[in-house]
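Remember, it's a predicted structure, so these values are computed and weren't measured experimentally. Per chain, numbering begins at 1; letters A, B, ... match sequence-line order.
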Amino acid sequence: MEKYDPARIEQKWQQIWDENADKWRAKDFSDKPKFYTLFEFPYPSGDGLHMGHLRGQTAVDVFARKKRLEGYNVMTPIGWDSFGLPTENYAIKYKIQPSVATKENIAKITKQEKMLGYFLDWDREIDTSDPKYYRWTQWIFLQLFKHGLAYKADIPINWCPKDKIGLANEEVIDGRCERCGALVIKKKVSQWMLRITKYADKLLDGLKDLDFPERVKTQQINWIGRSKGAKIRFDIIPTATSVIPAKAGIQTSDSDWIPGQARDDNNGRRITDNKFLEVFTTRPDTLFGATFMVVSPEHNVISNLRPQISNLHEVDSYIDQAKCKSDLERTELNKDKTGIEIKGIKAVNPINGEEIPIFIADYVLSTYGTGAIMGVPAHDERDWEFAKKYDLEIKQVVAPFYTTTAGEDAIRPDKETVERKMICAIVKHWKEDKIYCLNWEKFGWHSFVLGGIDDGETAEEAAKREVIEETGYQNIESIEKISIVTHNNFFARHRDENRYSISECFIVTLADGSHHEPEIEHTKNHTGVWKDRREIKSYLNQPSNKYYWDQYENGETAFDGHGIIINSGEFNGQKSEDAIKNITDKLTEDGSGESSVSYKLRDWVFSRQHYWGEPMPIVFCQNCKKLIENSKLEIPNSNKIQNQKFKIQSHNFTLGEIQNPGWIALNDDNLPLVLPKVKHYEPTDDGKSPLSKMTDWVDTTCPKCGGPAMRETDTMPNWAGSSWYFLAYALNQNSDLKSQNIGNTFKEKQKELAYWMPVDVYEGGMEHTTLHLLYSRFWNEFLYDIGVAPVKEPYEKRVPHGIILASDGRKMSKSIGNVVRPDEIVSKYGADTARTYVMFMGPHDQTLAWDDKGISGVWRFFKKVWENMQKAEGSADPKIESILQHLIVDVSSDIEQFQLNTPVAKLMEFNNILLKQKTVSNETKSVFLRLLYPFAPHLCEELWEINKFDDNIYLSNWPKPDKSKIKDEKVNIVIQINSKNRDIIEVESGLADDKLTEQAKSRPKIKAILDGKSISKTIIVKNRLINFVT
RNA sequence: GCCCAGGUGGUGGAAUUGGUAGACACGAAGGACUUAAAAUCCUUUGAUGGUAAAACAUCGUGCGAGUUCGAUUCUCGCCCUGGGCACCA
């Protein structure tokens, strides 16, 4: 027998598979059922493949190889996501053309891919930076534009004032430029945006039927963040000292628009009015509690009302400061809220006419809702903090409501309900860390001191009186109110009536221990007990008391739950749920608000001021701009996605062109708009893409009117190319899509698309859940709406993988120097070992720290497989055959669920059994090799050949279990007494309960323990355990 | 801070989804083979107590409570680690 030599056999089989690719590669319209597997295509960086690729791609290859043996026509395509920052930075640093660097990197990674022995559809290879590919990306962008889903807006970017370049978030470290360390500021830049928000509901609905892990769905749902509520308009009035001149110097334009959900109409324009401030809230029921308003620093109310603002200087400097902070820094809850009042104006609460101050504060983001909020400190935590800091009124309008619906305290419909005003007192010991509690023995209640408020008495007076009466302690040192009032509804057994209590809570500190025995009339239902502070939480069993204790212990906070409306005029007594509707209705009637839906999802910033990306196939034409603006054309307001044409004079304009006056799409025939070569890849001093320096490229003619026009010099973000690549694979464009008319080709390839889509399994990193996965679903749904994509949802099933950390538990990073690369392992142990070990390391969807110590285990495993599979043929051992059938079932279902560590363990276990055998039957060898094959294809292929089995293993069939070979088995049954393991017996599987009980009781050990005890209960779990409870 | 995960021996992990916790593998210790090393093979390996050795007993799945005959698994509260937070891919 030769030695196991992976280097030799891996090369040999890779060549054979390559030469016979026709036999296993995906074919359009094969007789076999199709199966489309997909992994996230790699970014061809200079570093080559990393561990994440190895993990993801191996999992897909294992799965796909099994599927092929099961008779599917499996596609596992590969391509390159090659536009992006790292290559551009590399180009700047080494003065190499990005396209050249990309080609080199692709060649390098291709070699690595082949070395790992993956079955890949190389005939479908794509490259996002190839003009043959990106002409389609450009075409899709134009479709989005034509359908009114692309628009220009002023969006802040990270700007390094020293280097004079825009920075990616990643390039900003602690608010400073990664390269030069200068403080980064926000600079507004006119950018292309995609209206993904218009697809928010579709993206939510689409999730329902998809086979995505729950956590992926939840994360997308939360990211989209749909919330129902109301828009409410607060009039703005001048304070006594200033007067607002009508519409003074106020302009309405698109550039005022801040992305988000603040729009009423569908054409990207915001109706700006200086006379009111619009807020979005999910809690219109708290409107009476609004005691101030806050606008974000970006809000246009500031620029619109400059003449009225009396402290402009202060306001402006605050805005400047806010520019330096990221959203993350601004919203950090533990940080001190900052803000200042805008003096000279006030807002009027539309529900009660109250005049309230307006603040500017950076904890309000311009990107969510309308960029302005009503401050309801009693019922919102952030507002609470802000109000505390700036000493603003806190007005409770919702009372926590505790109602008892079960048990002896449940409300009884046959009894009268009596409303009472109550107090609750947390009585503190004068010296020790103890609280005085009441134990209502007869009723089972544990509470603080409770009592009613008598006529003519204030709540505080009542609290003092009740404390003295009920506890007998005479001297109160201090009394302090907890601001939130609660409502409670329950059956009061001690009074035989339903009680509706409105309860206030006081913290009463005793001065000393001077004590008179309380009168019996006050204490007949309960006894008083001093409880240690730490025991209180578990001692109390009255919900409102628990709430008060929580407020006392952890400090008072806003009550943000639903409850009963108070201090709200005609809405008093309503439940929050009803008041939300009723107050919204009232506002709608008055014209000062309406119900509305808001999303956390924001529109997609689609521009980059960089070189290495897809050029935007669009030009700016002054003539056309004037033509459109002078036409005074009304922009239709429709939710439908349609490609509407608008005729102005002799020209047809698309919806996008009407919405973005002057911006004219290139004709399809002019695609691709090829990225021109430039001398320098650095952005210009004013932050524009290096393309802007190429005046002979920028200056062009308008495809619409033929007049002079300028090209857009921004490029698309890296996400663009990856948002439709799954369709590109199905298009199989390398075979016959050389030079056809772009606009029609998608339609001509409908059959191919319909055959392959949707992707059956999409494997990828958890870190892509909210961006790439959502963006690509958006594009696909859009393409579906315009009749290009055959299915609504592109991915049937999503399988996430966890990242592989370095052995030190940190992310692998070149700068730390803790990177391990797949190459190193392959060259040492071979591809089969590398593949199998990375599967064996741990559950596929979990984060793992790399540890190369374990590799030798897989290596030894394969050496033993090598020997076992070359043992002399022997007759089949029925015991081993039986175990083998279980192995088939287990390995099959594990692989199907992408649980790829356990099948390896089970195969090892079986191999260890074979180790003890002198001979192995051909049947066992054949099944075992096929089960191991997806993990270690080269090894199994070689052993298949050595055993002279038919054909090649890659053309064989996936084994099926043969039930007739499964023998009746013995099982071990644990005998427990009171759930403690006491003994274990072996019986035949499926033994009847009474026989098992008998056998178990007859065991001497069990007998001894059970002696003299009576068994109250016997619990039997089939084939697992028997438990005697005494 | 917000959203989503995870926490089990010295290490990576397993556990039929509420039923023998630690499969499989690494590492370590001892032994065999060898002039020696590597490779290979055999034995032991959660902790503590116990025994000459066993038997056996107690504890043990981040911490604290709860539900249950029984909890790594379910519920609540807390601590820690990782992923994402919109211009990295």
Take atom P in B:A89 and the same atom in B:C80, then report the distance between them in whole Å.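 To the nearest whole Å, 33 Å.
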Does a side-chain N or O of A:Asn222 approach OP1 or OP2 of B:C4 to a distance below 4.0 Å, or not?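 Indeed, a polar side-chain atom of A:Asn222 lies that close.
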Identify all side-chain donor-acceptor contacts of residues 889-901 of chain A below 3.5 Å with residues at least two apart in sequence or on another chain.
{"unit_1": "A:Ser892", "atom_1": "OG", "unit_2": "A:Ile888", "atom_2": "O", "d": "2.6"}
{"unit_1": "A:Ser892", "atom_1": "OG", "unit_2": "A:Trp958", "atom_2": "NE1", "d": "2.9"}
{"unit_1": "A:Ser893", "atom_1": "OG", "unit_2": "A:Asp890", "atom_2": "O", "d": "3.4"}
{"unit_1": "A:Asp894", "atom_1": "OD2", "unit_2": "A:Thr902", "atom_2": "OG1", "d": "3.0"}
{"unit_1": "A:Asp894", "atom_1": "OD2", "unit_2": "A:Lys906", "atom_2": "NZ", "d": "2.9"}
{"unit_1": "A:Glu896", "atom_1": "OE1", "unit_2": "A:Lys66", "atom_2": "NZ", "d": "2.4"}
{"unit_1": "A:Glu896", "atom_1": "OE2", "unit_2": "A:Lys67", "atom_2": "NZ", "d": "3.0"}
{"unit_1": "A:Gln897", "atom_1": "NE2", "unit_2": "A:Ser893", "atom_2": "O", "d": "3.1"}
{"unit_1": "A:Gln899", "atom_1": "OE1", "unit_2": "A:Thr902", "atom_2": "OG1", "d": "3.1"}

With sequence neighbours excluded, tell me which residues meet ring-ring contact (aromatic ring centres under 6.0 Å, His included) with [X].
X: A:Phe910; value: A:Phe928
X: A:Trp612; value: A:Phe83
X: A:Tyr552; value: A:Trp549
X: A:Tyr90; value: A:Tyr94

Got a list of side-chain donor-acceptor pairs under 3.5 Å for residues 842-850 of chain A, not counting sequence neighbours?
{"unit_1": "A:His844", "atom_1": "NE2", "unit_2": "A:Glu763", "atom_2": "OE2", "d": "3.0"}
{"unit_1": "A:Asp845", "atom_1": "OD2", "unit_2": "A:Arg215", "atom_2": "NH2", "d": "3.3"}

What does A:Leu1025 touch in the nucleic acid at a heavy-atom separation under 4.0 angstrom: a base, only the sugar-phosphate, or nothing?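 Base, at least one base atom sits under 4.0 Å.
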Kindly write out the residues that satisfy side-chain contact (heavy atoms from CB on, under 4.5 Å) with A:Pro683, not counting sequence neighbours, or none if the list is empty.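 If we apply the side-chain contact (heavy atoms from CB on, under 4.5 Å) test to A:Pro683, skipping adjacent residues, the hits are A:Ile165.
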List for me each residue that meets side-chain contact (heavy atoms from CB on, under 4.5 Å) alongside A:Ala905, sequence neighbours excluded, and say none if there are none.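 For A:Ala905, the residues satisfying side-chain contact (heavy atoms from CB on, under 4.5 Å) (neighbours in sequence not counted) are A:Phe840.
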Any chance you could list the contact pattern along nucleotides 57-75 of chain B? Use B for base contacts, S for sugar-phosphate-only contacts and - for none, protein heavy atoms under 4.0 Å, 5' to 3'. SSS---------BS-----
Do nucleotides 8-13 of chain B as a string where each nucleotide becomes B, S or -: B if the base has a protein heavy atom under 4.0 Å, S if just the sugar-phosphate does, - if no protein is that close. ---SBS
Would you sketch RNA chain B in dot-bracket for me? Only Watson-Crick or G-U wobble pairs with both distances under 3.5 Å count, crossing pairs as [ ], other-strand pairs as |, the rest as dots. (((((((..(((......[....)))((((((.......))))))((((......))))..(((((..]....))))))))))))....
Pairwise N/O distances under 3.5 Å, protein to nucleotides 39-49 of chain B:
{"unit_1": "B:A39", "atom_1": "O3'", "unit_2": "A:Lys863", "atom_2": "NZ", "d": "3.3"}

